[in-house]
Amino acid sequence: MASPLLLGIDTGGTYTDAVLFQDEEGVIAKAKSLTTRHDLSEGIAGAVGAALENGGIPASQIAMVSLSTTLATNALVEGQGGRAALVMIGFGPEDIARGGLSEALGSDPVIFLPGGHDVHGNETPLDMSALDDALPSLGSVVSSFAVAGYFAVRNPAHEIRVRDRIREISHRPVTCSHELSSKLGGPRRALTTLLNARLVSIIDRLITSTEGFLQKSGIDAPLMVVRGDGALMSASEARLHPIETILSGPAASLVGARYLTGLDEAVVSDIGGTTTDVAVLQGGRPKLASDGANVGGHHTMVEAVALRTFGLGGDSEVHIDDRGLEAKITLGPRRLLPLSLLAVTYGDSVLSAIDMQLRATHTGRHDGRFAVRIAMNEALVGSLQPQEKALLARIGSTPVALNALLTMNSQKSVLDRLVGRGLVHLSGITPSDALHVLGRQGQWNADAARLGLQIAARRKTGAGREIATSPEDLADKIVARLTRQSSEVLLSACLAEDGAESINPSVSLAVDRALKRIPGIAQFSISLDRPLVGLGASAPVYYPAIADMLGAESIIPSDADVANAIGAVVGHIRVTATVTITSPEEGVYIVTGVGETTTIIGEANALGTAEERAVGAARRKAGQEGAQGILISIEKEIMAPEVEGRRKLVEARIVATATGRPRMAHPQS
């Protein structure tokens with residue numbers, strides 16, 4: 001009997017990939033379609049429909065669908081997401097300065113409430129007066145709420161009460177910190193919760209689009225989503241905890257890379273439109289970050305692969321500094337809509353607008369740049385300031401040249417905020433456009449790319465010379481910059497794995513000499529001790545040169561362009577449940593986590609109760625996620641030093657992990 005037919009989908013910043021997969025056969029068919037930000041279901045339908053057609057398989061035969069995505073990762077890297085209000089229970093304003101919370105919060109509102117608990121779960125009375133005063137006005141200017149309580153991992157009662165009050169009055173989505181992490185560290189847990197709240201609308205839109213497409217297509221199968229550690233979770237869980245999907249796409253690509261190459265030791269780099277994700281395969285498994293995922297400069301408490309994400313991809317913004325004697329080019333971290341893609345989507349009007357700018361007597365400050373409205377999100381639009389609403393109203397259904405849109409300098413920051421909220425896309429030249437000019441890519445409009453690079457090439461340096469002699473010359477410079485910048489980020493990730501994070505490849509003279517292979521009496525060289533696996537649609541174009549610069553063997557699997565989608569369908573469901581034991585006095589033990597706080601006499605009784613509670617919770621949660629053939633493993637972290645010759649349990653953490661394959665549907669014959 002043939003194994004079930006599985007459908008893997010990866011929704012990236014530029015492309016949506018689809019793969020049909022069976023355990024015995026591997027990849028049966030694959031396809032790509034442009035990710036359609038205005039309606040994600042269009043891109044999903046395009047990729048899945050083409051894959052089904054290529055495989056000659058009816059949709060009714062699919063037994064499971066698994067989805068990976070870089071949307072949450074890209075949103076954090078690019079500073080996007082809905083406006084969220086943070087409610088801090090038992091914390092003070094001074095706590096905002098810790099754990100990177102202040103930088104992440106930005107201008108979003110924060111409310112401080114008296115309350116919280118101590119290390120043993122005992123409460124300080126909760127006062128919600130400040131919340132009640134703020135809610136009537138806040139509900140109309142934010143799209144979601146984040147709630148973080150002092151020692152909520154020991155007793156979540158206050159977070160739950162505040163959550164219920166917010167839902168009752170504002171009817172907005174609410175995320176509580178105890179739902180996301182069982183670890184101590186209030187400000188970092190609050191940061192993770194805030195980011196989760198901002199991502200709710202992004203991931204909800206993706207899952208809703210996917211479910212709508214599956215229903216229309218007659219695919220009656222469970223929908224799973226890849227978490228940041230490479231495991232799978234149900235779509236309903238992903239809706240509640242979208243923060244757990246950060247690094248979902250990269251984690252899936254690592255799982256896919258292991259499947260495609262069979263390598264136990266490798267450096268894996270996945271280049272997309274927005275980001276480059278770097279991780280290490282060690283002993284045949286992706287290494288997990290022991291202290292939480294770090295994305296876009298935010299150090300979260302989300303368990304994920306030990307992966308470093310950089311704002312560098314095929315669609316990265318090209319920055320040209322022409323103030324010196326020689327022009328300097330840098331890339332990212334923001335993604336732009338390539339001009340070559342903009343022209344495919346919106347036709348000759350884009351070509352005409354660029355050509356008009358090229359023939360103008362005087363160069364414009366924003367030549368070659370356009371703004372495009374993405375989608376109408378009423379919750380986000382309602383939270384905008386008046387000047388933001390006014391500028392958004394001037395951006396219609398077709399691209400608007402920035403020269404016409406921005407009539408005052410102050411409007412540039414307003415536009416940046418609209419981009420940050422995910423309501424507007426900027427378009428301009430990118431490395432993808434450079435490859436179109438050089439004839440190394442051809443899926444979009446090469447004429448628009450050439451015109452865009454021609455406009456940029458005529459800019460003058462401080463010495464009065466044009467920064468490039470031709471569009472091809474500028475394209476070569478942009479591709480060379482991507483090769484060098486990619487080598488630097490890869491080297492940075494590898495040095496960090498080796499414990500040498502203090503070395504910054506982008507400023508080190510020794511690294512510069514080694515990468516350029518500059519001759520001299522003292523010669524520097526660099527090499528990697530394992531192959532470099534390049535993933536992503538553009539990997540064959542970029543990674544041979546990058547691997548050569550780094551002195552590494554280059555391996556690009558045949559299905560490197562859909563490694564994420566492959567990784568999405570070969571994963572397992574994996575859930576954990578953590579129970580903590582503390583001892584406030586001799587012989588008395590308090591068990592917290594997964595249920596009500598309980599006081600127990602006797603250490604052995606407390607440990608037994610904690611283990612039973614953790615195992616039961618993990619098994620139940622895995623079953624709810626749709627796991628079958630569940631296996632349980634247990635880890636115990638016991639802090640019990642000797643005090644005056646006697647052993648004293650200070651704290652114990654019992655972590656139960658349940659693992660199983662997703663439950664499959666019974667496809668129609």
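Hydrogens, waters and symmetry mates are skipped; everything else that's a heavy atom, side chains included, is used. In this text, all values refer to a predicted model and were calculated from it rather than measured experimentally.
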Sequence-distant partners of Arg165, side chain to side chain donor-acceptor pair (under 3.5 Å), two or more places apart: Asp132

Partner set under side chain to side chain donor-acceptor pair (under 3.5 Å) for Glu211, not counting sequence neighbours: Arg239

Which atom pairs, donor and acceptor, lie under 3.5 Å between side-chain atoms of residues 106-118 and protein residues at least two apart or in another chain?
{"unit_1": "Asp108", "atom_1": "OD1", "unit_2": "Arg83", "atom_2": "NE", "d": "3.4"}
{"unit_1": "Asp108", "atom_1": "OD1", "unit_2": "Arg421", "atom_2": "NH2", "d": "3.4"}
{"unit_1": "Asp108", "atom_1": "OD2", "unit_2": "Ala84", "atom_2": "N", "d": "3.2"}
{"unit_1": "Asp108", "atom_1": "OD2", "unit_2": "Arg198", "atom_2": "NE", "d": "3.2"}
{"unit_1": "Asp108", "atom_1": "OD2", "unit_2": "Arg198", "atom_2": "NH2", "d": "2.9"}
{"unit_1": "His117", "atom_1": "ND1", "unit_2": "Asn155", "atom_2": "O", "d": "3.3"}
{"unit_1": "Asp118", "atom_1": "OD1", "unit_2": "His120", "atom_2": "N", "d": "2.9"}
{"unit_1": "Asp118", "atom_1": "OD1", "unit_2": "Gly121", "atom_2": "N", "d": "3.0"}
{"unit_1": "Asp118", "atom_1": "OD1", "unit_2": "Asn122", "atom_2": "N", "d": "2.8"}
{"unit_1": "Asp118", "atom_1": "OD2", "unit_2": "Asn122", "atom_2": "ND2", "d": "3.2"}

Could you pull out the closest heavy-atom pair between Gly283 and Glu265, with the gap in Å? N-OE2, 2.9 Å

Quick one: side chain to side chain contact (heavy atoms under 4.5 Å, CB included) partners of Glu612, sequence neighbours excluded? none

Only counting residues at least two apart or in another chain, list the ones meeting side chain to side chain contact (heavy atoms under 4.5 Å, CB included) with Ala656. Ala614, Val615, Ala618

Can you tell whether the side chains of Lys648 and Glu603 come within less than 4.0 Å, N to carboxylate O? no

Name each donor-acceptor pair under 3.5 Å that joins a side chain in residues 585-600 to protein atoms two or more places apart or in another chain, with its distance.
{"unit_1": "Glu586", "atom_1": "OE2", "unit_2": "Arg646", "atom_2": "NH2", "d": "3.3"}
{"unit_1": "Thr598", "atom_1": "OG1", "unit_2": "Glu596", "atom_2": "O", "d": "3.3"}
{"unit_1": "Thr598", "atom_1": "OG1", "unit_2": "Arg613", "atom_2": "NH2", "d": "2.9"}

Quick one, Leu206 and Thr208 - any side-chain contact, counting heavy atoms below 4.5 Å? no

Non-hydrogen side-chain atoms of Ser170 and Phe145 separated by less than 4.5 Å: yes

Would you please name every residue forming a salt bridge (Lys or Arg N to Asp or Glu O under 4.0 Å) with Glu637, sequence neighbours left out? Arg653

Sequence-distant partners of Phe151, ring pair (Phe, Tyr, Trp, His ring centres under 6.0 Å), two or more places apart: none

Residues in ring pair (Phe, Tyr, Trp, His ring centres under 6.0 Å) contact with Tyr150, at least two apart in sequence or another chain: Phe91

Any pair with a residue in residues 250-259 that passes salt bridge (Lys or Arg N to Asp or Glu O under 4.0 Å), sequence neighbours left out, goes on the list, sorted by first then second residue, please. Arg258-Asp264

Excluding sequence neighbours, so at least two apart, what forms side chain to side chain contact (heavy atoms under 4.5 Å, CB included) with Val569? Leu6, Phe21, Ser66

Please name the pair of heavy atoms, one in Leu86 and one in Ala190, separated by the smallest distance, quoted to 0.1 Å. CD1-O, 4.3 Å

Determine whether the side chains of Ser68 and Asp10 contain a donor N or O and an acceptor N or O closer than 3.5 Å. yes

Show me the side-chain donor-acceptor pairs of residues 571-578 shorter than 3.5 Å, one per line, residues at least two apart or across chains.
{"unit_1": "Arg574", "atom_1": "NH1", "unit_2": "Asp229", "atom_2": "OD2", "d": "2.9"}
{"unit_1": "Arg574", "atom_1": "NH1", "unit_2": "Glu303", "atom_2": "OE1", "d": "2.9"}
{"unit_1": "Thr578", "atom_1": "OG1", "unit_2": "Ser182", "atom_2": "OG", "d": "3.4"}

